[in-house]
Amino acid sequence: MATAYPAIEDLKSQAKRLRQAMEARGTTIPHSAALELVAQQHGVRDWNTLAALATRPNEEPIAALSVGFKVRGRYLNQPFSGKILALSAHSGGLYKITIHFDEPVDIVTFESFSAFRQRINAQVDGNGISPRKTSNAVPHLVLDI
């Protein structure tokens, strides 16, 4: 899982506050040294590395998931819990996902008929929402991530 870094402006403010605090204690350091210390506090080699990481967009929520993870959500508007069996990036910013439900899910809402599913293949976007929708505009799959 990737680390989310603060915005570059926040990092620069941290360096400024650090420099001011050190100066108040009798140690004057240049702004560049304060930037380097802030980078070390965030566990990176130097300020240039931290600045590059801070300007890069943070990963989508689905990036926090991987094969074997337990997930919850709604499939065809029915609640489920299950385990991710496969997950891969697909074209157009979508992901292919295979989920094995802990308990079979009845995907039919009629009283006189049932159809249970325990394993599904679907596509989801970076937020875990399927672009495909039912006739009443509900996404086929919505992951709680």
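Position 1 is the first residue of the sequence, and the numbers go up from there. None of these values were measured; they are calculated from a predicted model.
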>> Just verifying a value: how many Å separate I84 CD1 and I97 CD1, rounded to the nearest 0.5 Å?
In response: 4.0 Å
>> Would you compute the distance between atom CG of L37 and atom CG of L18 and round it to the nearest 0.5 angstrom?
In response: 5.5 Å
> Does K12 reach the side chain of W47, with side-chain heavy atoms less than 4.5 Å apart?
Replying inline: yes
>> Once rounded to the nearest 0.5 Å, what's the spacing between atom CZ of R119 and atom CD1 of I99?
In response: 11.5 Å
>> Contact between H140 and T134 at the side-chain level, heavy atoms closer than 4.5 Å - yes or no?
In response: yes
>> Distance check, rounded to the nearest 0.5 Å: L87 atom CG versus L65 atom CG?
In response: 7.0 Å
> How close do A34 and A15 get, heavy atom to heavy atom, and via which atoms?
Replying inline: CB-O, 3.4 Å
>> Less than 4.5 Å apart, side chain to side chain, heavy atoms only: is that true for L11 and H42?
In response: yes
> Which of these, R132, H90, K96, sits in a side-chain hydrogen bond (donor to acceptor under 3.5 Å, both in side chains) with Q123?
Replying inline: H90
>> So which atom in R72 and which in S81 form the shortest heavy-atom distance, rounded to 0.1 Å?
In response: NH1-CB, 3.5 Å
>> Is there a path of hydrophobic side-chain contacts, each under 4.5 Å between heavy atoms, that joins Y75 and F110?
In response: yes
> Hey, are the side chains of N136 and N77 touching, using non-hydrogen atoms and a 4.5 Å cut-off?
Replying inline: no
> Taking atom NZ of K16 and atom NE2 of H31, what is their separation to the nearest 0.5 Å?
Replying inline: 9.0 Å
>> Please give me the minimum heavy-atom distance between P6 and Q14, naming the atom from each residue.
In response: CG-NE2, 4.4 Å
> Are D125 and L94 side-chain neighbours, meaning at least one heavy-atom pair lies under 4.5 Å?
Replying inline: yes
>> Determine whether the aromatic ring centres of residues F101 and F80 are separated by less than 6.0 angstrom.
In response: yes
> Cluster question for you: counting only ILVMFWY and a side-chain heavy-atom cut-off of under 4.5 Å, with indirect links fine, are V67 and V124 together?
Replying inline: no
> Of all heavy-atom pairs between I145 and G128, which one has the smallest distance, and what is that distance?
Replying inline: CD1-N, 3.8 Å
> Can you tell me how far OG of S32 sits from CG of D46, rounded to the nearest 0.5 angstrom?
Replying inline: 12.0 Å
>> Other residues, nucleotides and ligands only: do more than 12 of their heavy atoms fall within 6.0 Å of CZ on R117?
In response: no
> Do F69 and I120 share a hydrophobic cluster, counting only Ile, Leu, Val, Met, Phe, Trp and Tyr and linking them when any side-chain heavy atoms are less than 4.5 Å apart?
Replying inline: yes
